[in-house]
Structure formats: C-alpha cells, structure tokens
Protein chains: 2
Amino acid sequence: MKTIPKISETEWEVMRVLWASSPLSAEDIIARLAAQDAAWHPKTAKTLLGRLVKKKALGFEKDGRAYRYRPLVREVDCVKAVSDSFLDRVFGGALTPMLAHYVEHKKMSAAEIKELKRLLDQKE
Amino acid sequence: MKTIPKISETEWEVMRVLWASSPLSAEDIIARLAAQDAAWHPKTAKTLLGRLVKKKALGFEKDGRAYRYRPLVREVDCVKAVSDSFLDRVFGGALTPMLAHYVEHKKMSAAEIKELKRLLDQKE
DNA sequence: CGTTATGGATTACGCTCGTAATCGTTCAGC
DNA sequence: GCTGAACGATTACGAGCGTAATCCATAACG
C-alpha cells in the first residue's frame, strides 16, 4: 500500500482536473481550472503544480520545454484517505451518523435515493 | 446565521469533548482527551483551548482561578459547514458519489444498513 | 506565611498553505 | 541571429497549525 501524500484544499482542484483527464500541459490545466472558477491565477496554479510534483502526487514527462503532467496517485486512494480522516475527525469514526447527516441535510432526487438503496441492497 | 469559525483538525477533538458535555474545566477536558488518546499533552490542549476561545468557538465562565469552558457554536452548524466543504473539495459537490463511496468502501452492519434505508424511505 | 503547584497567557518554532512575483532559460517569430 | 514571450524553478510572505515550553499570578498545602 503506497503512502498517500497529503493534498491541500486548492491542490485537490488541480488533482481533480488531472484525474479527469491526463496527461495535460500546465496551460491546459490552467485553462480547465479557469473554466470552472475564473478567479484562478496562472502563477498560483503553477506553484501548486510544482508542489504536487515535489510531494509526488504528480509526475510529468518533458514535451519540449514544457511538461505534461499526470497523477502518480489514484483518485480512489486519495478519496479513501481523506474520507476516512474526515469521518474520524468530524464524526469520531461513526459511519452511520455521518451518512445520516447528509441524507437528512442535503437535497436528493428520487433517482438518487433509489440508487443509494440499490447499493445498500447489494451490500447485504 | 452566525459565522462559523474555522476549526482545525486537532481542535475538532477538543470541540467534540465539549459538545458531548459542557461546561468543563480544562483539567476535565484534558482528562477526557487523554482517555481516548494517551498521546495528548496537557500543554497542547491548553494552547488549543486558548485558540478556540480567541476564535470564539468556545466561551468560558470563571470559577475561581480556573475557567469552565463551553461551546459558543453548535455542533450541527460546524458539521454542516465542514461537511459541505468536504463534499465540494473531494467530490466536486456531488452527493451521491460521495455516499456511494462510503457505502462501497466501509463495513456496515445489517442494522446500520437497515437504519440508513429507513432514513432514505423517510426522505421520499 | 512562605513555597510550590497549578491555571491561564504569552512566546516559540518549523511546516504547510494560499497567493503570487521574480529569475533564468529556451523556443519561436521576425 | 536577436528579442521577446513563455516555461518551469526559485523566492516571498503572512496566516494558521501542531506541538510545546516559559512566564506570571494565585491558590493550596504545609
């Protein structure tokens, strides 16, 4: 089991772009980030790319002077790590109260409810 | 709607103790923290209490030389704030994939599954 | 009554984060 | 070939965090 580097709040946005599609150039990544949130400053994105490379969440191949970045860690693994820590911290590790919180406080469509029930059925 | 102060990882453990029971003296809080995790250093806990007071997550009444601390923010509100941000960051705000992740990756007892289904039924 | 233990306040310190600007190099266009 | 634009690398910097130790006042014990 590989060690999952700790990915910060803003770094997650970058990772999510690359999990959705990779490899990508910095330029492409910046474009996609700006597409979902215009407040992204290119320099900031570059800094984050550098940090993610340093902490080995991203790798790259050179493509001329530029890099093409790709994830070195799988999304599922990162999601699992951070989900577990969230569960521990906020709900003391108790799964059901956590799920109950969401079910009770967030809107869900009938289809979503059905889908979730199906998953629960499978689990039995 | 009051503003929820940002509560850090370790601060959450302190808050959880006080949400479970308050008001409590620093001594009591430290004892309860140590009970669940022996690695807690009293000085560290004091620092966190101070910080939580400063950021107005906790208040206190004087009781002689000592303080009796109590939460100034409700657990539900904090849970909601941090849950929403977690959902956004890790799952891009998509509720069902998030719930699905937990249902698929964590162990649940038959009773828990049943309880959750009941909540989903209510929601319909 | 004085000394010590205890309580909160203050100070410490290295790390990470968010947010960029600057630097040095190299590719591309003129 | 020369110049400027663009790339990654390096540097910046204040805030917050995790982890304590130290300081100062007072309460409790002897």
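Given the structure is predicted, the values throughout are model-derived calculations rather than measurements. Just so we're on the same page: letters track the sequence lines, and every chain starts at 1.
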Looking only at heavy atoms, what is the nearest atom pair of [X] and [Y], with distance?
| X | Y | result |
| --- | --- | --- |
| A:Phe91 | A:Pro97 | CE2-O, 3.9 Å |
| B:Pro71 | B:Leu58 | CA-CD2, 3.7 Å |
| A:Leu95 | B:Lys107 | CD2-O, 3.9 Å |
| A:Lys56 | A:Leu72 | O-CB, 3.6 Å |
| A:Ala45 | A:Leu33 | CB-CD1, 4.2 Å |

Distance, rounded to the nearest Å, where [X] contributes [atom1] and [N] contributes [atom2]:
| X | N | atom1 | atom2 | result |
| --- | --- | --- | --- | --- |
| B:Glu11 | D:dC17 | CD | C1' | 8 Å |
| A:Leu48 | C:dT16 | CG | P | 15 Å |
| B:Lys6 | C:dG18 | NZ | C1' | 10 Å |
| A:Lys62 | C:dT26 | NZ | C1' | 12 Å |
| B:Glu9 | C:dC15 | CD | C1' | 15 Å |
| B:Leu52 | D:dG16 | CG | C1' | 13 Å |

Quiz item: Taking the side chain as C-beta and beyond, is there a heavy-atom pair between A:Ile30 and A:Trp40 under 4.5 Å?
Solution: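 They are not in side-chain contact.
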Exercise. If a protein heavy atom is under 4.0 Å from the base, mark B; if only from the sugar-phosphate, S; if neither, -; do that for nucleotides 21-29 of chain D going 5' to 3'.
Key: BB----S--
Practice problem: Residues of residues 29-40 of chain B with any non-hydrogen atom less than 4.0 angstrom from an atom of DNA chain D: list those, numerically ordered, please. | Solution: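 Listed by number, there are none.
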Practice problem: Establish, with yes or no, whether the OP1 or OP2 oxygen of D:dG16 is under 4.0 angstrom from a side-chain nitrogen or oxygen of B:Ser8. | Solution: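 The answer is no; no side-chain N or O of B:Ser8 sits under 4.0 Å from OP1 or OP2.
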Quiz item: Hey, does the side chain of B:Tyr67 come within less than 4.0 Å of C:dA9's phosphate (OP1/OP2), counting only N and O?
Solution: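 For C:dA9, OP1/OP2 do have a side-chain N/O of B:Tyr67 under 4.0 Å.
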Quiz item: For A:Glu27, does the CD atom sit with more than 12 other heavy atoms under 6.0 Å from it, leaving out its own atoms?
Solution: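 At most 12 heavy atoms, drawn from other residues, nucleotides or ligands, come within 6.0 Å of this atom.
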Quiz item: When you check the gap from the basic side-chain N to the acidic O, do B:Asp121 and B:Lys117 get nearer than 4.0 Å?
Solution: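 Judged by the 4.0 Å cut-off on N to carboxylate O distance, B:Asp121 and B:Lys117 do not form a salt bridge.
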Quiz item: Heavy-atom contacts under 4.0 Å between residues 12-24 of chain B and DNA chain C, which residues?
Solution: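 Residues of residues 12-24 of chain B under 4.0 Å from DNA chain C: none.
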Quiz prompt | A:Tyr102 side chain vs B:Ser83 backbone, donor-acceptor pair below 3.5 Å | solution =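 Indeed, once roles are kept as given, a pair shorter than 3.5 Å links the two residues.
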Quiz item: What distance separates A:Thr96 OG1 from A:His101 NE2, expressed to the nearest 0.5 Å?
Solution: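 It comes to 14.5 Å.
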Quiz item: Nearest nucleotide by nearest heavy atom, which residue falls closer to the 5' end of DNA chain C, B:Arg51 or B:Ala66?
Solution: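 Checking each residue's closest nucleotide, the 5'-ward one belongs to B:Ala66.
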Quiz item: For B:Glu11, which of B:Arg51, B:Lys55, B:Arg16 qualifies under salt bridge (Lys or Arg N to Asp or Glu O under 4.0 Å)?
Solution: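 When B:Arg51, B:Lys55, B:Arg16 are each tested with B:Glu11, the salt bridge (Lys or Arg N to Asp or Glu O under 4.0 Å) holds only for B:Lys55.
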Practice problem: Indicate, with a heavy-atom threshold strictly under 4.0 Å, whether A:Lys55 touches base, sugar-phosphate, or nothing. | Solution: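 Sugar-phosphate only.
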